[in-house]
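These notes are about the structure you will find just below.
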Protein chains: 2
Amino acid sequence: MRMSALAAEAGLPVATVKYYLREGLLHAGTATGATQAVYDEGHVRRLRMVRALVGPVGLSVQQARTVLDLVDEPGGDLYTTLGRAVGTLPPAAAPPGEASDPYPRARAALEALGQVYDPEFAAVAQLEGALAAAADAGLPIDAERLAAYGSAATDIAAFDLSRMPAEPHAAVAYTVLGTALYEPVLLALRRLAHQDAAVRRLAREE
Amino acid sequence: MRMSALAAEAGLPVATVKYYLREGLLHAGTATGATQAVYDEGHVRRLRMVRALVGPVGLSVQQARTVLDLVDEPGGDLYTTLGRAVGTLPPAAAPPGEASDPYPRARAALEALGQVYDPEFAAVAQLEGALAAAADAGLPIDAERLAAYGSAATDIAAFDLSRMPAEPHAAVAYTVLGTALYEPVLLALRRLAHQDAAVRRLAREE
DNA sequence: AATATTAGAGAGTTGTACTATCCAATGCAA
DNA sequence: TTGCATTGGATAGTACAACTCTCTAATATT
């Protein structure tokens, strides 16, 4: 398969595929001459993955590159790799700062939920930013709401973990990509559940 | 309060406040002369809201404007307004197309969950996009996972609805802003719940 | 042999989110 | 009251991301 066939297969302009190649999101094809190279099914799959990450998931090209690199070649154990991957996923969180207690809201929230609090983990900073944003905007999250969301998140995590492959490399891919790819699904389901609940309540009140 | 005081209060450069003014995210102050105007607490709150939406929530300036306009002046009933607001929130979904069954995956998913399916609702398109992206990337969502996520989403929606204010204008603000502002919190909690569950499993296996 | 395609590199384009510069009109301080 | 910094408003400029186009020499196709 040459480049034009690859681009057609992925539904992308040739120029865009070349751009992804330059940016390192796609590994080069096997050269058959100075100006020819062939691509295979792996390239097609990779392009589909890239499109999924920069499309519905909403990653930038550089973030997608980082995530895919981590999946391709995990640097350390699963938890380190996952931590790094989560750190590159949006929303971007501000760096810790020098305070003795850099994430007070997140720490309080996790303690209330009875979960481990490790300021090193990137999602803690994201939680802090999200809680601060909600509070700043005038809709702070109280203990009851936190408990409701936390227990839903725990349910989901328990399910996800039950499905995690045993083989380390597959586990990394599953966890990192599952985090990125399933989040939009969850958000859409939440929005639809709101709609569904509202419609049902409206019907009941009639 | 004049502009420099407003900007200082919000922690933003004056030039940025002027930019938001131009883009219609912030209403003008009350003019006290040809080159003077005063701003009040409402402007400070509005700026905090804008920063929350374009920061942790990740909206573009134009999306934030649309959402805030809807909250300020809902055009119709709650459900129409909410639908419009959800439509402007990321992830952007492709337009329906001309197919007789434009959202097959989303329809199947909602039927499996026993929820109403209305192709007009923007989140349906988002669900379709998210399900398609996961499948294209090689990690399709099966019935069991859908059920797990769906029931978590339903739990959250039930809680959210129980807290909805009765007064229509407040209900719109609560629902629209709650959708936008609480989503990052939920995502962060899910990521942390994964971490927590993984740590616990690791500890158990030792 | 003539024509079309390709890989690879570089420059150009478009859109977003600011950021800086001007200007005339004010406010304020000495 | 006179000098000077500040303000609101408009316009222009900057920086970056994500493509998109153009070019060239080599290669494949007819």
Side-chain angles (χ1 to χ4, degrees), chain A residues 1-40 43-44 46-47 49-68 88-92 94, chain B residues 1-40 43-44 46-47 49-68 88-92 94:
Chain A
M1 190 189 304
R2 278 158 308 183
M3 176 165 292
S4 60
L6 173 64
E9 192 80 16
L12 290 172
V14 171
T16 302
V17 176
K18 287 184 175 186
Y19 166 64
Y20 289 157
L21 273 172
R22 278 203 299 282
E23 296 299 317
L25 277 86
L26 186 67
H27 52 284
T30 41
T32 63
T35 66
Q36 300 293 127
V38 291
Y39 304 89
D40 58 23
H43 292 89
V44 176
R46 180 67 165 225
L47 276 181
M49 181 78 80
V50 169
R51 290 313 292 179
L53 291 179
V54 306
V57 176
L59 298 193
S60 74
V61 166
Q62 284 316 311
Q63 288 167 336
R65 198 214 145 129
T66 305
V67 168
L68 290 173
T88 74
L89 258 35
Chain B
M1 191 190 302
R2 279 158 308 192
M3 177 166 290
S4 59
L6 174 64
E9 192 81 15
L12 290 172
V14 171
T16 303
V17 176
K18 287 183 175 186
Y19 167 64
Y20 289 157
L21 230 27
R22 278 201 302 281
E23 295 299 316
L25 278 86
L26 186 67
H27 52 285
T30 42
T32 62
T35 66
Q36 300 293 129
V38 292
Y39 303 89
D40 58 22
H43 291 88
V44 176
R46 180 66 163 227
L47 276 181
M49 181 78 79
V50 169
R51 291 312 292 180
L53 291 179
V54 307
V57 176
L59 299 192
S60 74
V61 166
Q62 283 317 310
Q63 288 167 336
R65 198 215 145 127
T66 305
V67 168
L68 290 173
T88 74
L89 259 34

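It should be emphasised that the depicted structure is a prediction, and the values quoted were computed from it without experimental measurement. Worth knowing before you read on, the calculation uses all heavy atoms, side chains too, and leaves out hydrogens, waters and symmetry mates. Convention: sequence-line order gives letters A, B, ...; per-chain numbering from 1.
Under the 4.5 Å side-chain criterion, counting only non-hydrogen atoms from C-beta, B/L26 is not in contact with B/V50.
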Protein-to-nucleotide contact annotation, 5' to 3' order, nucleotides 15-30 of chain D [B base; S sugar-phosphate only; - none; under 4.0 Å, heavy atom] = ---BBBB----BSSS-
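Residue B/R51 comes nearest to B/P56 through the heavy atom pair O-CD, 3.9 Å, listed as atom of the first residue, atom of the second, then distance.
Rounding to the nearest 0.5 angstrom, the gap separating the CD atom in B/Q62 from the CG atom in B/L25 is 7.0 Å. Atom-to-atom distance recorded for B/T66:OG1 and B/L53:CG is 11.0 Å, nearest 0.5 angstrom.
Side-chain contact, A/Y39 with A/R46: no donor N or O sits under 3.5 Å from an acceptor N or O.
In this structure B/V44 satisfies the side chain to side chain contact (heavy atoms under 4.5 Å, CB included) test together with B/M1, B/L6, B/E9, B/E41, B/R48, sequence neighbours excluded.
Per the geometry, CG belonging to B/L21 stands 17 Å off P belonging to C/dA17, to the nearest Å. Distance, B/R65 CZ to C/dT16 C1': 16 Å, rounded to whole Å. Protein atom CD of A/E23 is 14 Å distant from nucleotide atom C1' of C/dG8, rounded to whole Å. For B/Y39 and D/dT6, the OH to P distance is 17 Å, given to the nearest whole Å. The interatomic distance linking B/Q63 (CD) with C/dT16 (C1') rounds to 11 Å, in whole Å.
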